[in-house]
Amino acid sequence: TSLVFDDGSRVPAGVIYRDDELDFALLEVKAGVNPPAYAIGNSDHFRVANAIILPSNFQTGLNIRMGYVTQLDFVRYGQEGEVTEKYEHIFGISAVVSEGDSGSPVIFVRDGKLELGGVVSFIVLPARGLGYGLKINPIIERLKPQEGNNTWLLPLLESRRR
């Protein structure tokens, strides 16, 4: 696993946390990468039509897209229109999501401030860019039991408590 930059150079990354059920992993990069830091939001406060920003680096350099929350969960329907599955930890994104965006931050604009509300999770390929994100709250809840074992996690959780 590595980060790939525009010039083709790579920096090794190690998995420090993995959750197969949420299809989520945290990576650690030890070489000079300085990603932007965002306050961690509360995805329980999401509402349909909340403004979001998708900053990503999809093959052409920094690509920033604006959008909004289209739905608060992900629902699968059966042949008769019945709900067969509901995933409350996944939300819909109106901004075009591209292959390769997975894991990119979904930044919410709330009260004039930017906060990390989730990460891009998947797209529906036949729908050309219809995307979904994983809410930050389920991620934080899964990380809490790791708090005592990992010094990297303490500042992350503290930033959310403010």
- Message: Suppose we screen for side chain to side chain contact (heavy atoms under 4.5 Å, CB included). Which residues come up paired with Glu82, at least two apart in sequence or across chains?
- Response: Glu80, Thr84

- CD1 on Ile40 to CG on Leu116, rounded to 0.5 Å: 6.0 Å

- Partner residues of Lys86 under the side chain to side chain donor-acceptor pair (under 3.5 Å) criterion, sequence neighbours left out: Asp73

- Query: Do Ile16 and Leu27 pass the side-chain contact (heavy atoms from CB on, under 4.5 Å) test, and can you show the C-alpha distance, the side-chain angles, and the key distance before you say yes or no?
  - Reply: CA-CA 6 Å; Ile16 56 175; Leu27 305 177; over 6 Å; no

- Message: Working note: Val83 + Arg76, criterion side-chain contact (heavy atoms from CB on, under 4.5 Å); need CA distance, chi angles, decisive distance, verdict.
- Response: CA-CA 6 Å; Val83 173; Arg76 290 187 190 265; over 6 Å; no

- Item | Set of residues satisfying salt bridge (Lys or Arg N to Asp or Glu O under 4.0 Å) with respect to Asp111, sequence neighbours excluded | none

- Message: So, using side chain to side chain contact (heavy atoms under 4.5 Å, CB included) as the criterion, who are the partners of Val119 when residues are at least two apart?
- Response: Phe24, Leu134, Ile139

- Task: Decide yes or no for Val106 and Phe91: does some side-chain heavy atom of the first lie under 4.5 Å from some side-chain heavy atom of the second?
- Result: yes

- Shortest non-hydrogen separation from Arg47 to Asn50 and the atoms involved: N-OD1, 2.5 Å

- Partners of Tyr68 by side chain to side chain contact (heavy atoms under 4.5 Å, CB included), sequence neighbours excluded? Thr70, Ser94

- Task: Any chance you could lay out the side-chain contact (heavy atoms from CB on, under 4.5 Å) test for Ile64 and Ile53, step after step, and finish with the verdict?
- Result: CA-CA 7 Å; Ile64 298 175; Ile53 300 169; 3.6 Å; yes

- Message: Measuring only between side-chain heavy atoms, which start at C-beta, is Pro105 closer than 4.5 Å to Pro55?
- Response: yes

- Stepwise side-chain contact (heavy atoms from CB on, under 4.5 Å) test for Val109 and Leu114: CA-CA 5 Å; Val109 182; Leu114 302 179; 3.8 Å; yes

- Message: Do Tyr38 and Ile107 have side chains that approach each other closer than 4.5 Å (heavy atoms only, starting at C-beta)?
- Response: yes

- Shortest non-hydrogen pair, Pro138 vs His89, comes out as CG-CB, 3.5 Å

- So do Asn137 and Asn42 actually touch side chain to side chain, heavy atoms under 4.5 Å? yes

- Do Ile52 and Val69 come close enough that some side-chain heavy atom pair is under 4.5 Å? yes

- Query: Between Ile90 and Phe122, is any pair of side-chain heavy atoms under 4.5 Å apart?
  - Reply: yes

- Task: Kindly compute the distance separating CD1 (Ile93) from OG (Ser104), expressed to the nearest 0.5 Å.
- Result: 9.5 Å

- Task: Can you measure from CD (Glu88) to OG (Ser43) and round to the nearest 0.5 angstrom?
- Result: 11.5 Å

- Task: Please examine the side chains of Phe46 and Lys135, heavy atoms only from C-beta on, and report whether any two atoms are closer than 4.5 Å.
- Result: yes

- Query: Is there a side-chain contact between Val97 and Leu130 (heavy atoms, below 4.5 Å)?
  - Reply: no

- Residues that Arg142 engages under side chain to side chain contact (heavy atoms under 4.5 Å, CB included), provided they are two or more places apart: Tyr17, Asp19, Glu21, Leu22

- From NE2 (His45) to CZ (Arg110), nearest 0.5 Å: 5.5 Å

- Going by the angle between their ring planes, with limits at 30° and 60°, are Phe74 and Tyr87 parallel, tilted or perpendicular? tilted

- Taking NZ, NE, NH1 and NH2 as the nitrogens, is one of them in Arg65 or Asp101 under 4.0 Å from a carboxylate oxygen of the other? yes

